[in-house]
Chemist: 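Sharing a structure, written as structure tokens. Questions coming.
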Amino acid sequence: MQDVAKGIRFVDLEKQRSRLGIKLRERVDRVFEHGHFIMGPEVRELEKRLADDVGVPHAISCSSGTDALLLVLMAWGIQRGDAVFTTPFTFIATAEVIALLGATPVFVDIDKETFNLDPAQLACAIEAVLAKDRRKYPLPMSAHNHTYIPKVVIAVDLFGVPADYDGIHNVAAQYSLLVLQDAAQSYGSVYCNGKRCGSLGHCGATSFFPAKPLGCYGDGGAVFTDSHEWAEIIASLRIHGQGAHKYDNVRIGINGRLDTLQAAILLEKLEIFPEELKARQKVASTYTKALQGWVQTPKVPEGCTCSWAQYTIRTPHRDRLQQALQAQGIPTAVYYPKPLHLQAAFASLGYREGDFPVAEEASRTVLSLPMHPYLDSAQIDFIAHSVRSALR
Ligand SMILES: *Cc1c(COP(=O)(O)O)cnc(C)c1O
């Protein structure tokens, strides 16, 4: 048993690298040879592949998932006075980009089963902003005496589980909100209508951070959209608001390009990605079979599939379980120990403990188990067995 535990990584990039082998070296060497490290041919090749994969006309690569979110909000002209609705149970980047542009993040509590934004509460939050009434729904303090214009909802597919896009679009359409899909954790997931994650909002954003389902060897990200007009603006914004040529600048932008080397690495990783997805799904279903009844296992909505960025269980004995697993040499992680409305960075919004009870409860009870395509069945059995004995 001890030997089994020794090889268990939370995410195993080493095993993936040895599988990619010589072909990865060759891809990277080709970039060294042609020397176009910025916006080289691999960047265009990757964008074409990503767009085909996700099923949208436009994929614009960029420097990170955070910049992907930022670029979309910039293209939509989000600024001071705008309200952008999102979940408090996500990585900081989702809400950070809102504040960075001077707009106001308005948090909406999550669904108990999926950890994703609850469309019914989204409607309540929008109504409360319009009424400037914090008694209707917990709002930022300043929403009491400022008029904020509801503009955007950022839905997150937490842990790879698609959010409720039917419900979200329904509410968004009623109030003319744009929908931004934060698919940083869900590249490869499929919504119940058969569409790939990244394509379910007016724009979608993903991340190629190394530990994400599709990761490069550094920072990287991409924006997806059907809109030719937004695609053009975002492509310009990511290169300093570039116009017709390099020294023609038509808007204020950022330096947000994806490195050619990272594009080359991603092209090679895309070759094995479909098989990796299947392997992740196998790991998840094995976990679920072995753990059902012992902990609350993750729920993927009917008809959807999941990229399994994380396999996250829930138990009131979370801390004890984590310690017991650690003692067995099994790495785990808590995503996320503190919801965003209680983060010091957002203290000025004036949210309080108790504002979003479902997110707060999740932060006390979630535990993510090792999840990657290279876990073998002995390792999965060992992990599941260790979870059960710790809770016995
Ligand atoms: C990782 C992540 C991001 C940010 O991606 P980076 O590439 O690290 O900038 C944004 N949102 C969510 C939900 C994430 O998990």
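Every number for a ligand or one of its atoms is a count from 1 in the order of the listing. Only a predicted model underlies this, so the values are computations on that prediction, with no experimental measurement involved.
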Chemist: If you take the centroid of each ring, where Trp contributes its six-membered ring, are Tyr351 and Phe346 closer together than 6.0 Å?
Modeler: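 No, too far apart.
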Chemist: Are side-chain heavy atoms of Trp230 and Leu178 found at a separation under 4.5 Å?
Modeler: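 Result yes, sub-4.5 Å side-chain heavy-atom pair found.
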Chemist: Between the side chain of Tyr311 and the main-chain N/O of Thr288, is any donor-acceptor distance below 3.5 Å?
Modeler: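 Side chain of Tyr311 to backbone of Thr288: a pair is present.
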Chemist: If you count the atoms of ligand 1 from 1 in the order shown, which ones are under 4.0 Å from a heavy atom of Ser64?
Modeler: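 This gives 7 (O), 9 (O) as the contact atoms.
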Chemist: Considering only heavy atoms of Gln185, which atoms of ligand 1 have at least one such atom less than 4.0 Å away?
Modeler: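 Here the atoms of ligand 1 in question are 13 (C), 14 (C), 15 (O).
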Chemist: Can you see whether Tyr187 has Arg196 sitting over its ring - NZ or CZ less than 6.0 Å from the centre and within 45° of the normal?
Modeler: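 Pair Arg196/Tyr187 counts as cation-pi.
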Chemist: Counting only heavy atoms not in Gln326, do more than 12 sit closer than 6.0 Å to its CD atom?
Modeler: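 No.
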Chemist: Using a 4.0 Å cutoff against the non-hydrogen atoms of Val156, which atoms of ligand 1 qualify?
Modeler: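 Answer for ligand 1: 13 (C).
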Chemist: Should Thr90 be counted as touching ligand 1, given the test is an N or O pair under 3.5 Å?
Modeler: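 Checking ligand 1 against Thr90, no N or O pair falls under 3.5 Å apart.
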Chemist: So between Glu96, Gln310, Lys212, whose heavy atom ends up nearest atom 15 (O) of ligand 1?
Modeler: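 Checking each option, the heavy atom nearest atom 15 (O) of ligand 1 is found in Lys212.
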Chemist: Under 4.0 Å, heavy-atom basis, I'd like to know which part of Ala93 is in contact with ligand 1: side chain, backbone, both or neither.
Modeler: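 The side chain, only.
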Chemist: Provide the number and element of each atom of ligand 1 under 4.0 Å from a heavy atom of Ser207.
Modeler: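 Here the atoms of ligand 1 in question are 5 (O), 6 (P), 7 (O).
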Chemist: Test your reading of the structure: does Gly65 have an N or O sitting under 3.5 Å from an N or O of ligand 1?
Modeler: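 Yes, at least one N or O pair falls under 3.5 Å.
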Chemist: Ring centroid separation for Phe159 and Tyr335, is it under 6.0 angstrom?
Modeler: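 Here the rings of Tyr335 and Phe159 have centres that are no less than 6.0 Å from each other.
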Chemist: Under 4.0 Å, heavy-atom basis, I'd like to know which part of Thr66 is in contact with ligand 1: side chain, backbone, both or neither.
Modeler: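 For Thr66, backbone and side-chain atoms both sit under 4.0 Å from ligand 1.
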